[in-house]
Number of protein chains: 2
Amino acid sequence: MMKLTIREIAEAAGVSKATVSRVINDSDAVSEETRKKVLEIIKETNFKPSSVARSLSMKKSHLIGIILPDLSNPVFSKIIAGAESYIRNKDYSLLITATDFDIDMKIKHINIMKDKGVDGLILVTDHGSEEFQKTLIEFEKPIIMIGSDSSLPYIPTIKIDNYKASQDATQYLIDLGHKNIAMIRGPLSDYHSGKQRFLGYRDKLNCYGYYSERLVEEGWYTFDDGYSAMEALIKKGNLPTAIFCASDLLAIGAIKCCIEHGINVPDDISFVGFDDVDIARMYNPSLTTIRQPFEEQGDLAIRIMIDMIENKNSIPNDEDSKFTTSMKYKLVIRESTKNIK
Amino acid sequence: MMKLTIREIAEAAGVSKATVSRVINDSDAVSEETRKKVLEIIKETNFKPSSVARSLSMKKSHLIGIILPDLSNPVFSKIIAGAESYIRNKDYSLLITATDFDIDMKIKHINIMKDKGVDGLILVTDHGSEEFQKTLIEFEKPIIMIGSDSSLPYIPTIKIDNYKASQDATQYLIDLGHKNIAMIRGPLSDYHSGKQRFLGYRDKLNCYGYYSERLVEEGWYTFDDGYSAMEALIKKGNLPTAIFCASDLLAIGAIKCCIEHGINVPDDISFVGFDDVDIARMYNPSLTTIRQPFEEQGDLAIRIMIDMIENKNSIPNDEDSKFTTSMKYKLVIRESTKNIK
DNA sequence: GTGAAAGCGCTAACAT
DNA sequence: ATGTTAGCGCTTTCAC
């Protein structure tokens with residue numbers, strides 16, 4: 001059975017291709033009679049217009065690209081899940097690529113997305129190099145960033161206030177009576193999740209005069225790095241009574257290390273994570289953490305994107321309309337923290 | 001700056017569009033001289049041919065669709081990650097949709113994929129209804145199934161032997177001296193992960209005369225269902241000394257429930273999970289489980305798919321070439337199981 | 001209200 | 001080796 005085209009439908013209905021097209025798109029007045037007839041034939045034959053041909057003709061692919069570092073990390077797969085579940089009922093599809101935090105890879109794939117004709121691009125990434133900026137500028141279609149900003153004023157950004165969230169987490173630990181509070185941070189080169197979360201912690205401790213460089217370890221947000229960082233902390237001796245971690249995985253890795261060393265959580269050490277991935281509530285002990293609304297971020301990004309694509313006017317183009325959506329985070333208190341007053 | 005087309009390149013190079021096309025695709029002999037010239041202009045202008053136009057003309061989109069139930073479940077996001085990381089260096093992209101285990105949704109999205117012109121489709125799902133089968137038959141492009149088969153002989157399938165894996169897991173528990181072994185299974189309507197895993201367990205217990213219906217609870221592979229199932233088991237009284245679970249999440253939910261009830265794992269009850277998602281090794285206690293090679297499955301699916309797309313001859317078309325790849329699973333022993341002999 | 005024709009950007013015969 | 005021409009399947013003026 002050959003693939004049907006609009007031509008066959010037109011013939012079968014005894015009208016022109018143009019008319020069929022009008023019916024399909026509701027684009028122009030068509031007499032009720034012919035519309036009925038055409039519609040009927042379309043149902044009967046189960047005809048579906050080729051989106052490829054349509055894309056070429058309309059210069060719109062109904063594809064939205066999304067580029068993120070890593071699909072097997074729950075942090076990112078949640079964002080995708082949020083985006084996907086909203087788009088599913090819309091007339092768009094998602095083209096997804098992971099790029100391993102590699103900036104050149106990112107640039108390459110932004111270009112691939114462009115070739116594929118995506119109508120818009122969602123970037124989950126840090127802002128990166130100058131060449132990266134250049135690629136963004138030349139993209140010429142709507143872009144949205146999640147978790148980071150681009151320094152390009154016309155690119156909407158969705159994120160949370162990492163600095164403030166970290167201050168809140170730290171304050172919570174202080175309120176619980178902790179003074180010797182360590183942090184396992186992310187790399188400072190990672191501006192939002194690394195540097196800002198660290199600064200929030202440091203500045204807050206400084207308010208109380210508790211801060212010391214000795215208290216800080218660093219890792220790449222992973223379980224294994226959390227484990228190693230904790231080993232380092234143990235080796236240093238003079239254990240803290242609480243540890244704030246830049247990610248849940250870091251926290252869980254560190255907790256696992258503690259347990260294997262006979263250190264009780266939260267009796268000996270309290271832990272606060274960051275993200276609230278699924279594991280946080282499942283863990284034993286369950287993890288006190290900062291909840292980031294990942295799925296909502298993905299969902300919102302798609303909403304804004306579709307709006308930008310369909311009402312071009314809504315693309316912010318002057319300085320004051322630069323819009324950054326700062327989403328609400330929330331400190332979720334569970335079993336891993338203890339009041340020691 | 002207008003979007004460049006092959007036409008501008010041709011003019012700039014003083015040749016015809018056809019020649020430019022030849023250069024781009026290495027499709028036909030072109031004199032070294034003109035090739036150089038064209039290539040140069042392409043570099044200079046940073047020209048990229050439109051894949052949409054190309055798709056229309058060649059009837060090949062270089063898009064591979066993948067449909068799965070849920071993106072936020074680590075089981076599925078690992079498969080995607082595997083597929084994506086292989087495809088990334090190939091000249092293909094991935095169109096991803098999640099469908100919530102809803103069969104009608106699946107059918108709808110298979111059709112959407114078809115409209116979008118994907119060159120092939122990877123399905124992570126159970127085989128489903130007759131209408132579903134019909135949709136597959138009418139798809140007319142390569143399809144591959146992961147984790148399940150289709151009953152259509154020409155559709156390659158990638159999976160593990162769930163029945164045997166469950167027997168192995170159960171045997172392991174028996175070897176450890178356990179006789180009173182419960183199971184938290186998935187729904188029997190789910191043929192592979194539900195029914196087969198259960199049968200492997202039941203048949204193995206029957207070999208020893210240990211089986212009893214009282215030992216079985218059921219849930220949807222989630223943490224919360226595991227927790228509830230464990231509560232039910234506790235309510236029944238006469239606790240088993242070991243529990244085999246149809247998923248890691250089920251196991252972890254049950255373990256969490258035990259801990260909250262003061263039941264020690266593994267001293268009082270041993271647990272074996274299924275999947276080996278990341279959480280399994282991170283958990284406290286870490287979980288003994290059957291490892292499924294998710295990323296390898298995704299990777300392999302893409303390899304086979306690209307091969308099918310590019311060498312059509314390799315599509316199996318006779319009965320004996322029906323090919324099911326049964327991947328190796330592995331029992332990974334960790335802290336959640338205890339020898340009680 | 002409807003049809004004819006041009007065109008979206010590319011590839012693929014067919015000529016030369 | 002290269003140019004010419006005719007599509008791929010759809011949308012969109014522009015006539016009628």
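Chain naming here is simple, since letters A, B, ... match the order of the sequence lines and numbering starts at 1 in each.
For Ser51(A), the side chain to side chain donor-acceptor pair (under 3.5 Å) test picks out no residue, with sequence neighbours left out. Listed by chain and number, the residues in a side chain to side chain donor-acceptor pair (under 3.5 Å) with Ser21(A) are Asn25(A) (sequence neighbours excluded). Taking the ring pair (Phe, Tyr, Trp, His ring centres under 6.0 Å) definition, one finds that Tyr92(B) meets it with His62(B), sequence neighbours left out. Glu11(A) pairs by the side-chain contact (heavy atoms from CB on, under 4.5 Å) definition with Arg7(A), not counting sequence neighbours. Applying the ring pair (Phe, Tyr, Trp, His ring centres under 6.0 Å) test to Tyr86(B) and every residue at least two apart in sequence or in another chain returns nothing. Remark: Glu32(B) engages Arg35(B), Lys36(B) in a side-chain contact (heavy atoms from CB on, under 4.5 Å) (not counting sequence neighbours). By the salt bridge (Lys or Arg N to Asp or Glu O under 4.0 Å) test, Lys106(B) is found to be paired with no residue, residues two or more places apart in sequence or in another chain being considered. With sequence neighbours excluded, no residue satisfies side chain to side chain donor-acceptor pair (under 3.5 Å) with Arg22(A).
Between dT11(C), dA1(D), dG1(C), one nucleotide has an atom nearer to the side chain of Ser31(B) than all others, and that is dA1(D).
To the nearest angstrom, P of dT2(C) lies 18 Å from CD of Glu11(A). The separation between Ile6(A) atom CD1 and dT12(D) atom C1' is 12 Å, rounded to whole Å. Atom pair Asn25(B):CG and dC10(C):C1' shows a separation of 9 Å (rounding to whole Å applied). The interatomic distance linking Ile9(A) (CD1) with dG9(D) (C1') rounds to 12 Å, in whole Å. Per the geometry, CG belonging to Leu4(A) stands 16 Å off C1' belonging to dC8(D), to the nearest Å. Between the P atom of dG1(C) and the CZ atom of Arg22(A) lies a distance of 10 Å, rounded to the nearest Å. Put simply, CZ on Arg7(A) is 10 Å from P on dG7(D), counting in whole angstrom units. Note: NZ (Lys116(B)) to C1' (dC10(D)) measures 14 Å, nearest angstrom.
Proximity of Lys59(B) to the phosphate of dG9(D): a side-chain N or O atom is located under 4.0 Å from OP1 or OP2.
Note on Ser27(B): nothing from the nucleic acid sits closer than 4.0 angstrom, heavy atoms only. Base engagement by Ser21(A) is indicated by at least one non-hydrogen atom pair under 4.0 Å involving a base atom.
Judged by distance alone with a 3.5 Å cut-off, no donor-acceptor contact links the side chain of Arg35(A) to the base of dG1(C).
Looking at every heavy atom in both residues, Ser72(B) comes nearest to Lys78(A) through CB-NZ, 3.8 Å. Between Asp119(B) and Ser61(B), the shortest heavy-atom distance links the atoms OD1-N, 2.9 Å.
Less than 4.0 Å separates DNA chain C from at least one heavy atom of each of the following residues of residues 12-20 of chain B: Lys17(B), Ala18(B). Listed by residue number, Phe47(B), Pro49(B), Ser50(B), Ala53(B), Arg54(B), Ser57(B), Met58(B) are the residues of residues 38-58 of chain B with a heavy-atom contact under 4.0 Å to DNA chain C.
Pairs engaging residues 107-118 of chain B under the side chain to side chain donor-acceptor pair (under 3.5 Å) rule: none recorded [sequence neighbours left out].
Under the 4.0 Å criterion applied to side-chain N and carboxylate O atoms, Lys37(A) and Glu33(A) are not assigned as salt-bridge partners.
Rounded to 10 degrees, the angle between the two end axes of the helix from dG1(C)-dC16(D) to dT16(C)-dA1(D) is 40°, with five pairs used at each end.
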